[in-house]
Amino acid sequence: TDERTVEEEAEEKSEMTALRERLTSWKSYGVVFLDLYLKGQKGNATAIISEKYGVTIRTAQRWKESFESFVEDFLKNKF
């Protein structure tokens, strides 16, 4: 029903807000990765982060791996 859809949307927004808050307190680049992924820029994220933060591609790759692991753990635990 429409009511259930509204509830699901509210829950998704709540989860996204919680994820953003957790990423912000975790690492400065966490929300940047999230925004890139949501914009469909996963493939370019390493290069973008490398340039934005002035780190090597390898460091940005490690950060990306850490970000993915963090989000995976967050989604498993749902807060």
Side-chain angles (χ1 to χ4, degrees):
T1 64
D2 289 337
E3 188 174 310
R4 188 161 193 273
T5 302
V6 170
E7 289 173 3
E8 288 174 351
E9 284 183 27
E11 185 176 325
E12 286 176 14
K13 286 182 182 179
S14 175
E15 287 180 12
M16 184 60 72
T17 299
L19 176 57
R20 284 186 174 281
E21 289 173 359
R22 293 282 304 277
L23 285 169
T24 298
S25 63
W26 175 64
K27 300 284 184 185
S28 62
Y29 55 79
V31 174
V32 179
F33 268 116
L34 179 63
D35 289 338
L36 290 169
Y37 274 48
L38 292 174
K39 292 176 185 174
Q41 295 291 315
K42 179 180 178 180
N44 299 323
T46 300
I48 292 168
I49 292 291
S50 174
E51 185 174 321
K52 180 176 177 67
Y53 289 94
V55 297
T56 65
I57 290 291
R58 183 63 194 124
T59 295
Q61 288 170 335
R62 285 194 296 270
W63 289 3
K64 183 177 180 180
E65 292 165 4
S66 294
F67 162 77
E68 290 175 349
S69 178
F70 183 92
V71 172
E72 189 176 302
D73 289 345
F74 175 87
L75 294 175
K76 282 181 187 173
N77 297 317
K78 297 268 183 169
F79 320 123

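The chain is numbered in sequence order, starting from 1.
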Side chain to side chain, Gln61 and Ile57, heavy atoms closer than 4.5 Å: yes
So CZ of Phe33 and OG of Ser28: to nearest 0.5 Å the spacing works out to 10.5 Å
In short, salt bridge (charged side-chain N to carboxylate O under 4.0 Å, His left out) pairs touching residues 28-37 with sequence neighbours left out are Arg20-Asp35
Hey, quick one: are Val31 and Tyr53 part of the same hydrophobic cluster, counting side-chain heavy atoms closer than 4.5 Å, chains of contacts allowed? yes
Requested in this report: Would you indicate whether the side-chain heavy atoms of Lys64 and Leu36 approach each other to under 4.5 Å?
Outcome: no
**Item:** Check: Phe67 and Lys27 side chains under 4.5 Å, non-hydrogen atoms
**Value:** no
Output for pair (Leu34 CG, Lys39 NZ), nearest 0.5 Å, gives 10.5 Å
Heavy atoms of Leu23 and Phe70 approach each other most closely as CD2-CD2, 3.4 Å
Between Ser66 and Tyr29 the two heavy atoms that sit nearest each other are CB-OH, 4.4 Å
Can you list, pair by pair, the side-chain donor-acceptor contacts under 3.5 Å of residues 41-51, counting residues two or more places apart and other chains?
{"from": "Gln41", "atom 1": "OE1", "to": "Asn44", "atom 2": "ND2", "distance (Å)": "2.8"}
{"from": "Ser50", "atom 1": "OG", "to": "Val55", "atom 2": "O", "distance (Å)": "2.5"}

*asked:* Less than 4.5 Å apart, side chain to side chain, heavy atoms only: is that true for Glu72 and Glu68?
replied: no
Distance col, row Met16:CE vs Leu38:CG, nearest 0.5 angstrom, shows 5.0 Å
